[in-house]
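Structure first, commentary second.
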Amino acid sequence: MSLQVSNLTKIYGQQKAVNNISFEVQPGEIVGFLGPNGAGKSTTMKISTGYMPPTSGRVLVNGLDVTTQSLQVRKIMGYLPEHNPLYLDMYVHEYLHFVGKVFDLTNHYLKSRIAEIVSLCGLDREQNKKIEQLSKGFRQRVGLAQALIHNPQVLVLDEPTTGLDPNQILEIRKLIKEISASKTVLFSTHIMQEVQAICNRVIVINQGELVADAPVADLLKSQAQVQIIVEFDAPVDEQKLATLPGVQHLVMVTPNVYKLTTVQGADLRPEVFRFATEQNLSLVGLRQEQLSLEEIFRSLTAQTPAE
């Protein structure tokens with residue numbers, strides 16, 4: 001039940017949307033696929049689900065090639081695209097029945113499967129409504145339901161929580177975690193809290209190139225930069241503070257309160273104490289923080305991949 005991407009490249013005209021990337025997602029894993037807009041996430045997902053051919057490289061799903069064995073791959077894969085395409089004039093229950101028949105589900109199994117998925121995705125009260133009558137959040141649930149209707153072994157979700165309110169996001173997170181025990185799950189999102197809440201691992205691409213592939217905890221540890229939040233009892237000379245050994249970046253949070261980002265491996269606290277003493281200042285507060293996943297993401301995607 002694995003997804004294997006090997007030396008994948010996609011070129012549109014003169015632009016390399018995806019440039020020779022490789023990664024693998026194993027059964028039971030929930031992997032967050034991250035990158036800024038235009039990084040190549042959706043292109044990679046479309047190729048991985050057989051909706052678009054690669055320029056070069058290959059993708060295997062359970063050993064099946066998505067280019068040469070596309071129909072077999074689609075039978076074992078569920079896909080929720082970024083722009084959730086639905087037949088708005090169909091009723092929810094009717095639409096799920098239609099999708100199930102596309103996957104050749106038998107009438108008896110399909111009936112029970114629809115009931116199970118409707119309950120799983122929280123669509124009980126909406127199943128007899130036309131899709132066009134639903135809010136964006138419930139339409140997203142219908143999209144997730146169609147991706148799950150045939151009980152796929154591999155699940156690819158492109159921005160699955162788009163348009164959902166905070167309560168719905170928590171419900172979808174819970175659902176993804178529940179189904180991941182028996183499936184391979186790759187999903188993209190821009191919500192870093194979502195990644196930390198449910199992902200085993202994170203893959204980051206920038207400008208079509210792979211810039212990180214690691215367990216979330218390892219990625220947080222690998223970025224050895226830390227931040228010091230320091231508060232003085234009076235205004236300080238920001239220029240002198242910014243030139244302390246080990247300071248990479250300084251931001252004033254509020255008057256007399258500063259956020260200092262360290263160079264890798266530096267401990268700024270002794271320098272800050274020394275600075276306060278030399279400047280006849282009192283330290284009102286000082287605390288050290290690790291960089292957040294969001295800050296690490298910004299750092300990774302601000303870098304221009306090597307040519």
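Here the structure is a predicted model, which is why all the values come from computation and not from measurement.
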Please, which pairs that meet salt bridge (Lys or Arg N to Asp or Glu O under 4.0 Å) have at least one residue in residues 62-82, sequence neighbours excluded? Arg58-Asp65
For the backbone of Gly35 and the side chain of Lys41, can you confirm whether one donor and one acceptor N or O come within less than 3.5 Å of each other? yes
Pairs touching residues 268-282 that satisfy salt bridge (Lys or Arg N to Asp or Glu O under 4.0 Å), sequence neighbours left out: Asp267-Arg269, Glu271-Arg274
Quick one: closest heavy-atom pair of Ser188 and Pro160, and the distance? O-CD, 3.4 Å
Please collect all salt bridge (Lys or Arg N to Asp or Glu O under 4.0 Å) contacts where either partner lies in residues 155-172, sequence neighbours excluded, each pair once. Arg141-Glu171
List the steps and the verdict of side-chain contact (heavy atoms from CB on, under 4.5 Å) for Ile229 and Leu286. CA-CA 6 Å; Ile229 309 298; Leu286 183 144; over 6 Å; no
Enumerate the residue pairs fulfilling ring-ring contact (aromatic ring centres under 6.0 Å, His included) with a member in residues 160-187, sequence neighbours excluded, ordered by first and then second residue. none
Looking only at heavy atoms, the pair that brings Leu123 and Ala145 closest together is CD1-CB, 4.0 Å
I would like to know whether Leu250 and Thr261 meet side-chain contact (heavy atoms from CB on, under 4.5 Å); could you show each step before the answer? CA-CA 6 Å; Leu250 178 148; Thr261 302; over 6 Å; no
Do Val272 and Val251 sit in one hydrophobic cluster, given that two such residues count as connected whenever their side-chain heavy atoms are within less than 4.5 Å of each other, even indirectly? no
Strictly by ring-ring contact (aromatic ring centres under 6.0 Å, His included), give each pair with a member in residues 14-50 just once, sequence neighbours left out. Phe23-Phe33
Is the closest side-chain heavy-atom distance between Leu3 and Glu24 below 4.5 Å? no
Minimum heavy-atom separation for Gly246 to Leu268, with atom names? C-CD2, 3.6 Å
Under 3.5 Å: donor-acceptor pair, side chain of Thr9, backbone of Asn20: yes
Would you confirm whether Ser112, through its side chain, and Tyr109, through its main-chain N or O, come within 3.5 Å as a donor-acceptor pair? yes
Of all pairs that satisfy ring-ring contact (aromatic ring centres under 6.0 Å, His included), the ones with a partner from residues 41-61, not counting sequence neighbours: Tyr51-Tyr79
Answer yes if the side chains of Thr189 and Glu194 hold a donor-acceptor pair under 3.5 Å, and no otherwise. yes
Which is it for Glu231 and Leu283 under the side-chain contact (heavy atoms from CB on, under 4.5 Å) test, yes or no, and what are the steps along the way? CA-CA 6 Å; Glu231 181 177 0; Leu283 279 174; over 6 Å; no
Taking all non-hydrogen atoms of both residues into account, name the closest pair between Ile149 and Leu105 and its distance. O-CD1, 3.7 Å
Is there a side-chain contact between Glu116 and Arg113 in this structure, where contact means two heavy atoms from C-beta onward sitting under 4.5 Å apart? yes
Does some side-chain heavy atom of Lys240 sit less than 4.5 Å from a side-chain heavy atom of Gln279? yes
Only counting residues at least two apart or in another chain, list the ones meeting side chain to side chain contact (heavy atoms under 4.5 Å, CB included) with Lys174. Glu178
Can I get a per-line list of side-chain donor-acceptor pairs under 3.5 Å for residues 83-90, giving both atom names and the distance, sequence neighbours left out?
{"residue": "Asn84", "atom": "ND2", "partner": "Arg139", "partner atom": "O", "Å": "2.9"}

Tell me which one of Pro54, Ser22, Ser48 satisfies side chain to side chain contact (heavy atoms under 4.5 Å, CB included) with Val5. Ser48
Under 3.5 Å donor-acceptor, His190 side chain and Leu34 backbone: no
Taking a hydrophobic cluster as the set of Ile, Leu, Val, Met, Phe, Trp and Tyr residues connected by side-chain heavy atoms closer than 4.5 Å, whether directly or through intermediates, do Leu186 and Met52 fall within one such cluster? yes
Please answer whether the main-chain N or O of Pro53 pairs with a side-chain N or O of Lys10 as donor and acceptor at a distance below 3.5 Å. yes
Quick one: side chains of residues 92-103, donor-acceptor pairs under 3.5 Å with protein atoms, not counting sequence neighbours, listed by atom name and distance.
{"residue": "Glu94", "atom": "OE1", "partner": "Tyr91", "partner atom": "N", "Å": "3.1"}
{"residue": "Lys101", "atom": "NZ", "partner": "Asn107", "partner atom": "OD1", "Å": "3.1"}

Cluster link Leu281 to Leu241, ILVMFWY, side chain under 4.5 Å: yes
Just wondering, do Val202 and Val31 contact through their side chains at under 4.5 Å, heavy atoms? no
Just how far is it from atom NZ of Lys111 to atom OG1 of Thr106, taken to the nearest 0.5 Å? 12.5 Å
Please enumerate all residues that pass side chain to side chain contact (heavy atoms under 4.5 Å, CB included) together with Lys136, with sequence neighbours excluded. Thr162
Please determine whether residues Ile176 and Leu120 belong to a single hydrophobic cluster, defined as Ile, Leu, Val, Met, Phe, Trp and Tyr linked transitively by side-chain heavy-atom distances below 4.5 Å. yes
Of all the heavy-atom pairs spanning Val25 and Arg201, show the shortest one and how long it is. CA-NH1, 4.3 Å
State plainly whether one hydrophobic cluster holds both Leu170 and Val195, where clusters connect Ile, Leu, Val, Met, Phe, Trp and Tyr through side-chain heavy atoms under 4.5 angstrom apart. no
Distance in Å, Gln127 CD paired with Cys121 SG, rounded so as to fall on 0.5 Å steps: 12.0 Å
Which pair of heavy atoms, one from Ala197 and one from Arg173, lies closest together, and at what distance? CB-NH1, 3.9 Å
With sequence neighbours excluded, tell me which residues meet side chain to side chain contact (heavy atoms under 4.5 Å, CB included) with Ser180. Ile30, Val185
Would you tell me whether Asn19 and Glu209 have side-chain atoms, one donor and one acceptor, within less than 3.5 Å of each other? yes
side-chain contact (heavy atoms from CB on, under 4.5 Å) for Ile205 and Val211? Distances and angles first, verdict last. CA-CA 5 Å; Ile205 64 171; Val211 294; 5.8 Å; no
For Pro152, is there any backbone N or O sitting under 3.5 Å from a side-chain donor or acceptor partner on Lys183? yes
Side chains of Ile172 and Ile169: does their closest heavy-atom pair fall under 4.5 Å? no
Donor-acceptor contact below 3.5 Å, side chain Thr44 vs main chain Gly40: yes
Please round to the nearest 0.5 Å and tell me the distance separating atom CD1 of Ile21 and atom CG of Asp213. 10.0 Å
Hey, could you give me the CG/CG distance between Leu175 and Leu148, rounded to the nearest 0.5 Å? 6.0 Å
Glu126 CD to Lys130 NZ distance, which is reported to the nearest 0.5 Å: 15.5 Å
Under the rule for side chain to side chain contact (heavy atoms under 4.5 Å, CB included), what residues qualify as partners of Ile76, not counting sequence neighbours? Val61, Asn62, Leu64, Gln153
For Lys46, does its backbone N or O pair with a side-chain atom of Thr49 as donor and acceptor, under 3.5 Å? yes
How many angstroms lie between CD in Gln72 and OG1 in Thr68, if you round to the nearest 0.5 Å? 8.0 Å
Quick one: are Phe138 and Ile131 in side-chain contact, heavy atoms under 4.5 Å? no
